[in-house]
Amino acid sequence: MLTEAQVTQFFSEGYLVVENVLPGSVLDAVRAEYSDLMDGLYAGWQAEGRVPDGEGLDFWGKLGASYAAGCDWFQPMDISLPGDQIAPDTPMHFGPAIFDLVMHDGILDLAEALIGPELTLNPIQHVRIKPPSPQLAQDETRAHITRTDWHQDRAVGLEEADQTDMVTVWVAITDATVENGCLQVVPGIEGGMLPHCPQVQTAIAPAFLDKDRAVPLPVRAGGVVLFHPLVPHASLPNTSDGFRWSFDLRFSKTGQNTGREHFPSFVARSPSAPENELRDWRMWRDGWFAARDRLASTPHIPIHRWASDAPYCA
Ligand SMILES: O=C(O)CCC(=O)C(=O)O
Ligand SMILES: [Fe+2]
């Protein structure tokens with residue numbers, strides 16, 4: 001749980017770093033699940049002649065070799081649908097180990113300390129496995145693969161969720177360091193919602209942020225960074241020679257708009273109605289599969305409200 005001083009810091013500075021939230025066993029199970037997933041993807045690409053022989057390559061080696069070959073592992077490893085171009089067979093990953101991480105009491109206790117005990121798992125959630133910068137393609141701009149531009153998480157959802165209680169829980173699977181692209185924050189939430197521009201990524205309009213005040217947030221594997229939805233944050237580039245791996249999750253107060261209502265949300269904790277709690281990873285997966293079926297055959301629903309022709313974007 002959090003101390004009163006930590007809760008106060010969260011609501012004034014907009015962020016908190018908490019070390020040692022997840023036990024090594026939870027992290028190891030996630031690493032093993034993703035390693036199996038990578039083995040399966042790699043074997044498929046090898047059978048198609050798209051990647052070199054994977055014999056002798058570990059998880060990181062396979063990630064690097066398949067990225068270099070132009071084979072996309074991001075979407076098959078993500079715990080979400082993409083924002084657009086949803087097809088009936090768009091790949092995603094849901095499994096028992098990542099479910100145990102998402103629903104771990106250590107994580108839910110932190111969310112409860114900040115927004116109360118009735119917790120819904122918000123569907124805005126991603127895996128980010130970031131290769132070292134020299135391995136990145138010149139034109140790589142995806143925030144899940146390369147550095148993340150400055151934004152507020154409130155701005156990543158739709159207006160309907162602007163007045164809600166939400167917290168971002170960013171979970172380090174590898175140590176996150178200044179060298180390998182940890183998060184950075186401009187402390188404070190008093191500026192309210194800042195204008196964003198949908199440019200390369202959806203980012204805060206430059207004139208509205210004093211980047212000189214940025215503070216890096218290194219955290220060890222198994223620790224988390226908590227963000228208030230209004231705190232401006234970004235990630236540093238990965239200048240190390242290893243990958244940087246994290247998951248970012250969001251929890252909302254149950255019953256409130258999630259900001260992305262066309263994606264599925266689930267009750268994660270409910271002292272008032274425990275029978276509503278999601279207990280089985282297969283139901284989590286099946287909820288996403290049902291959303292995929294529905295969205296693949298309906299017109300695209302935008303996930304952001306920002307327009308690139310706004311005057312502050314020029
Ligand atoms: O991991 C990153 O690069 C960015 C994460 C982020 O923006 C978030 O968790 O809200
Ligand atoms: Fe964010």
Side-chain angles (χ1 to χ4, degrees), residues 10 13-18 21 30 74 77-80 83 98 101-102 107 110-111 114-115 121-133 136 140-158 161-162 164 166-189 193-194 196-198 200-204 209 211 214-221 223-240 242-252 258-260 263 303-306:
F10 180 83
E13 304 287 292
Y15 73 97
L16 275 179
V17 178
V18 188
V21 173
V30 168
F74 166 68
M77 292 191 163
D78 201 17
I79 52 175
S80 173
I98 180 59
L101 180 152
V102 166
I107 303 259
L110 293 173
L114 298 170
I115 62 168
L121 180 60
N122 183 300
I124 305 177
Q125 57 186 18
H126 292 291
V127 66
R128 300 185 204 240
I129 305 179
K130 302 199 178 189
S133 301
L136 290 176
E140 182 61 78
T141 55
R142 290 172 292 170
H144 316 108
I145 303 283
T146 184
R147 63 172 288 277
T148 305
D149 214 336
W150 288 96
H151 66 281
Q152 296 164 301
D153 280 0
R154 188 75 95 203
V156 177
L158 295 174
D162 279 359
T164 60
M166 189 186 87
V167 56
T168 298
V169 183
W170 186 96
V171 184
I173 305 299
T174 52
D175 291 347
T177 64
V178 170
E179 293 72 36
N180 78 3
C182 70
L183 297 171
Q184 51 178 340
V185 66
V186 169
I189 57 175
M193 177 77 96
L194 303 172
H196 285 61
C197 300
V200 179
Q201 298 174 12
T202 296
I204 295 172
L209 189 70
K211 292 182 195 163
V215 179
L217 304 175
V219 60
R220 290 192 298 277
V224 309
V225 177
L226 301 168
F227 282 135
H228 185 282
L230 286 175
V231 77
H233 59 278
S235 83
L236 291 162
N238 181 356
T239 59
S240 76
F243 281 74
R244 192 223 80 176
W245 182 2
S246 62
F247 289 95
D248 41 279
L249 315 171
R250 283 157 199 78
F251 293 91
S252 296
T258 60
R260 207 172 279 179
F263 282 6
I303 56 170
H304 298 159
R305 85 262 326 244
W306 307 103

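Counting starts at 1 for both ligands and their atoms, following the listed order.
A distance of 4.0 Å separates CD of Q184 from CH2 of W150, quoted to the nearest 0.5 Å. Interatomic distance, CG of D149 versus NE2 of H196, reported as 9.5 Å (0.5 Å rounding).
Applying the 6.0 Å contact sphere to CZ of R142 captures more than 12 heavy atoms from other residues, nucleotides or ligands.
Residue contacts with ligand 1: V225 is excluded, as none of its non-hydrogen atoms falls under 4.0 Å. Using a 4.0 Å cutoff on heavy atoms, Q201 does not count as a contact of ligand 1. Using a non-hydrogen distance threshold of 4.0 Å, R250 registers as a contact of ligand 1. Heavy-atom separations between H144 and ligand 1 are all 4.0 Å or longer.
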Apply side-chain contact (heavy atoms from CB on, under 4.5 Å) to the pair E13 and V231, showing each step before the final yes or no. CA-CA 8 Å; E13 304 287 292; V231 77; over 6 Å; no
Would V127 and W245 satisfy side-chain contact (heavy atoms from CB on, under 4.5 Å), going step by step from the backbone distance to the final call? CA-CA 8 Å; V127 66; W245 182 2; 3.5 Å; yes
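Taking distance alone, with nitrogen or oxygen atoms compared against 3.5 Å, H151 approaches ligand 1 more closely than that limit.
Those atoms of ligand 1 with a heavy atom of R244 less than 4.0 angstrom away are 1 (O), 2 (C), 3 (O). Listed by number with element, the atoms of ligand 1 under 4.0 Å from a non-hydrogen atom of S235 are 3 (O). The atoms of ligand 1 that sit less than 4.0 Å from any heavy atom of R128 are 1 (O), 2 (C), 3 (O), 4 (C), 5 (C), 6 (C). Interface of K130 with ligand 1, defined as ligand atoms under 4.0 Å from a residue heavy atom, comprises 2 (C), 3 (O). Ligand 1 places these atoms under 4.0 Å from at least one heavy atom of L183: 1 (O), 2 (C), 4 (C), 5 (C). Heavy-atom proximity to W170, at under 4.0 Å, picks out these atoms of ligand 1: 1 (O), 2 (C), 5 (C), 9 (O). Taking a cut-off of under 4.0 Å to the non-hydrogen atoms of T168, the atoms of ligand 1 that pass are 9 (O), 10 (O).
In this structure the side chain of T177 never reaches within 4.5 angstrom of the side chain of S240, judged on heavy atoms. In this structure, the side chains of Q152 and I204 come closer than 4.5 Å at one or more pairs of heavy atoms. Contact check for F247 versus V30: side-chain heavy atoms found under the 4.5 Å cut-off. Side-chain contact check for I107 versus V171: some heavy-atom pair is nearer than 4.5 Å. The shortest side-chain heavy-atom distance between F251 and L110 does not fall under the 4.5 Å cut-off.
Between the side chains of S246 and R244, a donor-acceptor pair is found at a separation under 3.5 Å. Of the N and O atoms on the side chains of D248 and H126, not one donor lies less than 3.5 Å from an acceptor on the other residue.
Protein contacts to the Fe ion (ligand 2) involving N, O or S atoms at a distance below 2.8 Å are H151 NE2, D153 OD1, H233 NE2.
Atom 4 (C) of ligand 1 has as its closest protein heavy atom T148 OG1, 3.4 Å. Closest to atom 9 (O) of ligand 1, if we only count protein heavy atoms, is D248 CB, 3.0 Å.
Shown are T148, N180, N238; of these, the side-chain hydrogen bond (donor to acceptor under 3.5 Å, both in side chains) with K130 is made only by T148.
Under 4.0 Å from ligand 1, not a single heavy atom of H126 appears.
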